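Written below as structure tokens is the structure these notes are about.
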Amino acid sequence: MKILAFDTSSKALAVALVEDGDILGQVTLNIKKNHSITLMPAIDFLMAQVGLKPKDLDRIAVAKGPGSYTGLRIAVTTAKTLAYSLDIELVGVSSLQAMAKNLETSSLVVPLMDARRKNVYAGAYLNGESVITDRHTSFDDLVPLLQERDEEIVFTGEVDNFIEDITEKLPNARVINDSLLKLPSAYQIALIGAEMEPVEIHTFVPEYLKRVEAEEKWLETHHEDKDTGYINKI
């Protein structure tokens, strides 16, 4: 199976081509760029370099979130368009799961994305499987869930703003702050995606895990009438 996998859930852009578990090529840019402009050229470049045509692909695997709202919309829209136009399968992979899979360890891996104001997108993975579901939460609320676990804990991802809290509240935990390992990997997205059931293309949407701030503020003064479906002002 030939899989095109990509991720634009953070400032980084990652694209990989994988055939039956073997990586054919990958491109990773860890600089702030306009993903709407750079994603398709990166895909075209990689396809040309490995000598594949769009018709050769069997499946698209895309990071479905959490992460940047704009980045997720770009990646998911591109993935849906390619899968539909090529009539091939589509799967969506957790950005956090892809980060966790970078680490080959029997420890409990906790990938973090900094959601600002001491909040995180986080989950917990043991041997590649989710044991604490991906969520948007304050770091303080995440700590008790981790303190209940018996395994050694390893943090990875966007950890820079939480190292002091980790040291204080989870002193036995380790922090992996490697610049390569902390990013979602398009190669890992392809490997995870190879084992997943395809989704329905038209109904597939990103998993933001959190409303945009403007929507949250709007909902503070409005509510939905469950009987009529209308939105009413409070």
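Side chains included, hydrogens not; waters and symmetry mates left out as well; all remaining heavy atoms used. As the structure is a prediction and not an experimental result, all values here were calculated from the model.
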Next item on the list: Decide, yes or no, whether a salt bridge links Asp140 with Lys169 under the criterion of side-chain N to carboxylate O below 4.0 Å.
Entry: yes
Notebook entry, point to check: Are Val159 and Met113 co-members of a hydrophobic cluster defined by side-chain heavy atoms under 4.5 Å apart?
Noted result: no
Check: By side chain to side chain contact (heavy atoms under 4.5 Å, CB included), which residues pair with Asn102, not counting sequence neighbours?
Finding: Leu181, Ser185, Gln188
Note to self: Holding to side chain to side chain contact (heavy atoms under 4.5 Å, CB included), I want the full list of residues that pass it with Ala122, two or more places apart in sequence or in another chain.
What the structure shows: Leu112, Val120, Leu142
Notebook entry, point to check: What pairs with Thr167 under side chain to side chain contact (heavy atoms under 4.5 Å, CB included), at least two apart in sequence or on another chain?
Noted result: Ile163
Margin query: Using the side chain to side chain contact (heavy atoms under 4.5 Å, CB included) criterion, which residues pair with Ala115? Sequence neighbours excluded.
Written below: Asn119, Tyr121, His136
Notebook entry, point to check: What about Leu145 and Val110, same hydrophobic cluster or not, with Ile/Leu/Val/Met/Phe/Trp/Tyr joined at side-chain heavy-atom distances under 4.5 Å?
Noted result: yes
Notebook entry, point to check: What pairs meet the salt bridge (Lys or Arg N to Asp or Glu O under 4.0 Å) rule with one or both residues in residues 180-205, with sequence neighbours excluded?
Noted result: Asp160-Lys182
Notebook entry, point to check: Can you name the residues that form a ring pair (Phe, Tyr, Trp, His ring centres under 6.0 Å) with Phe162, not counting sequence neighbours?
Noted result: Phe139
Check: Which residues pass the side-chain hydrogen bond (donor to acceptor under 3.5 Å, both in side chains) test with Lys11, sequence neighbours left out?
Finding: none
Item checked: Residue pairs fulfilling salt bridge (Lys or Arg N to Asp or Glu O under 4.0 Å) with at least one residue in residues 52-64, sequence neighbours excluded -> Arg59-Glu89, Lys64-Glu207
Check: Which residues satisfy the side-chain hydrogen bond (donor to acceptor under 3.5 Å, both in side chains) test with Thr133, sequence neighbours excluded?
Finding: Arg135
Notebook entry, point to check: Taking only residues two or more places apart in sequence or in another chain, which ones pass side-chain hydrogen bond (donor to acceptor under 3.5 Å, both in side chains) with Ser36?
Noted result: Asn34
Note to self: Is there a path of hydrophobic side-chain contacts, each under 4.5 Å between heavy atoms of I/L/V/M/F/W/Y residues, joining Val76 to Val91?
What the structure shows: no
Checklist line | salt bridge (Lys or Arg N to Asp or Glu O under 4.0 Å) involving Asp44 - partner list, sequence neighbours excluded | finding: none
Check: How close do Pro111 and Met99 get, heavy atom to heavy atom, and via which atoms?
Finding: CB-CB, 3.9 Å
Note to self: Restricting to side-chain hydrogen bond (donor to acceptor under 3.5 Å, both in side chains), what partner residues turn up for Asn30, sequence neighbours left out?
What the structure shows: none
Next item on the list: Give a yes or no on whether Val27 and Tyr187 share a hydrophobic cluster (residues Ile, Leu, Val, Met, Phe, Trp, Tyr; joining criterion: side-chain heavy atoms under 4.5 Å apart).
Entry: no
